[in-house]
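Comments concern the structure below.
As the structure is a computational prediction, the values presented were derived from the model and not from experiment.
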Amino acid sequence: MTAVLFDFSGTLFRIEPTDSWLRAVVDEAGIPLPEAELTQAAKALEVAGAQPGGAQPERLPAELGELWRVRDESAELHRAAYTAAARHVPLPDPELYDALYERHMAPVAWSPYPDAVEVLRALREREIAVGVVSNIGWDLRPVFRAHGLDRYVGAYVLSYEHGIQKPDTRLFALACDALGVAPEDTLMVGDSPEADGGAAALGCRVHLVDHLPVERRPEGLRPVLGLVG
């Protein structure tokens, strides 16, 4: 292997827990919310799939079906889909829905998996190119910079910047072209068999990791080093 492509959310980074996400926003807004109500609202947001990078909706409202399907094709669609999902949960101030969306893009809302820096550093030492391929509706580069991982990434290919979502092979092809590598010499690492597994159709090898909280997956990325030889 001469290159490794990584997914972002659930692979290299993990979003904060839903209750921390909501707590940060209500605290910033100065809105008093009793702990029991905060916990209840956070759980409802999680069930609704309202947190980008968090849980999938347990039951997607019919009117959101098409928007949800294409949500990662543009920044506007992404914001519309997630704020619409959040609005199915009653909150004490209507401005909180947009504030929640803004919060999820903040670097402080994301944590790298414990072995992410170690693995990315080792790949650079072996002169193996690294790219990030993500279905997303906003610029994640500041997250990488804030956590010191940007130095290891040679290319970012983000769905909203190209109007293409994984598993469309064109997105993986763009990443391979950006790094100057052949798909058959590339490993795609992600947490979604459907989305990230699409790289196999281009000729990439695919390795899947578990989408778990950071404290429950301390070494999930280390097997990548054995796969690249």
Note to self: Working note: His162 + Arg170, criterion side-chain contact (heavy atoms from CB on, under 4.5 Å); need CA distance, chi angles, decisive distance, verdict.
What the structure shows: CA-CA 10 Å; His162 301 280; Arg170 291 177 293 172; over 6 Å; no

Next item on the list: Verify side-chain contact (heavy atoms from CB on, under 4.5 Å) between Asp7 and Met188, making sure each step is shown before the conclusion.
Entry: CA-CA 8 Å; Asp7 174 51; Met188 175 67 207; 4.1 Å; yes

Next item on the list: Kindly determine whether Phe144 and Phe13 satisfy ring-ring contact (aromatic ring centres under 6.0 Å, His included), including the steps that lead there.
Entry: CA-CA 9 Å; Phe144 279 77; Phe13 283 85; 5.0 Å; yes

Next item on the list: Carefully, step by step, assess Phe172 and Val157 under the rule side-chain contact (heavy atoms from CB on, under 4.5 Å).
Entry: CA-CA 8 Å; Phe172 304 109; Val157 177; over 6 Å; no

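Atom CG of residue Leu67 and atom CG of residue Leu77 lie 6.0 Å apart, to the nearest 0.5 angstrom. Taking CD1 of Ile164 as the reference point, atom CG of Leu158 lies at 12.0 Å (rounded to 0.5 Å). Interatomic distance, CG of Leu149 versus CZ of Phe6, reported as 10.0 Å (0.5 Å rounding). From Phe8, atom CZ reaches atom CG of Leu140 across 5.0 Å, with rounding to the nearest 0.5 Å.
A salt bridge between Glu16 and Arg103 is present, with a side-chain N of the basic residue lying under 4.0 Å from a carboxylate O of the acidic one. Taking 4.0 Å as the cut-off between side-chain N and carboxylate O, Asp196 and Lys166 count as a salt-bridged pair. For Arg69 and Glu66, the salt-bridge test passes: some basic side-chain N is under 4.0 Å from an acidic carboxylate O.
Under the 6.0 Å distance and 45° angle rule, Arg217 counts as a cation-pi partner of Tyr113.
Hydrophobic clustering (ILVMFWY, side-chain heavy atoms < 4.5 Å, transitive): Ile128 and Tyr152 are in one cluster. By the rule that hydrophobic residues join a cluster once side-chain heavy atoms approach within less than 4.5 Å of another member, Leu225 and Leu12 end up as members of one cluster.
In this structure, Tyr97 contributes its side chain and Val89 its backbone to a donor-acceptor pair below 3.5 Å. Between the Trp21 side chain and the Leu100 main chain, a donor and an acceptor come within less than 3.5 Å of each other. Counting only distance, with no hydrogens or angles, the side chain of Tyr160 and the backbone of Asp139 share a donor-acceptor pair below 3.5 Å. No donor-acceptor pair under 3.5 Å is formed between the side chain of Arg23 and the backbone N or O of Ser20. With Asp115 contributing its side chain and Gly220 its backbone, the two residues share a donor-acceptor pair below 3.5 Å. Within the 3.5 Å criterion, the main-chain N or O of Ile136 finds a donor-acceptor partner in the side chain of Ser159.
More than 12 heavy atoms of other residues, nucleotides or ligands lie within 6.0 Å of CD in Glu102, so this atom counts as buried by the packing criterion. Within 6.0 Å of atom CZ in Arg141, more than 12 heavy atoms from other residues, nucleotides or ligands are found, so the atom counts as buried in its surroundings. Within 6.0 Å of CD on Glu63 lie more than 12 heavy atoms contributed by other residues, nucleotides or ligands. Within 6.0 Å of atom CD in Glu215, more than 12 heavy atoms from other residues, nucleotides or ligands are found, so the atom counts as buried in its surroundings. The environment of CD in Gln40 is sparse: at most 12 heavy-atom neighbours from other residues, nucleotides or ligands sit within 6.0 Å. Around atom CD of Glu118, more than 12 heavy atoms belonging to other residues, nucleotides or ligands sit under 6.0 Å away.
Relative ring orientation between Trp138 and His104 is described as perpendicular, the plane-to-plane angle rising above 60° on a 0-90° scale split at 30° and 60°.
Each of Arg79, Gln51, His78 was scored for a side-chain hydrogen bond (donor to acceptor under 3.5 Å, both in side chains) with Tyr101, with one residue passing: His78.
Contact between Val25 and Ala99 at its shortest, heavy atoms only, is CG1-CB, 3.5 Å.
Judged as a ring pair (Phe, Tyr, Trp, His ring centres under 6.0 Å), not a single pair has a partner in residues 205-229 (not counting sequence neighbours).
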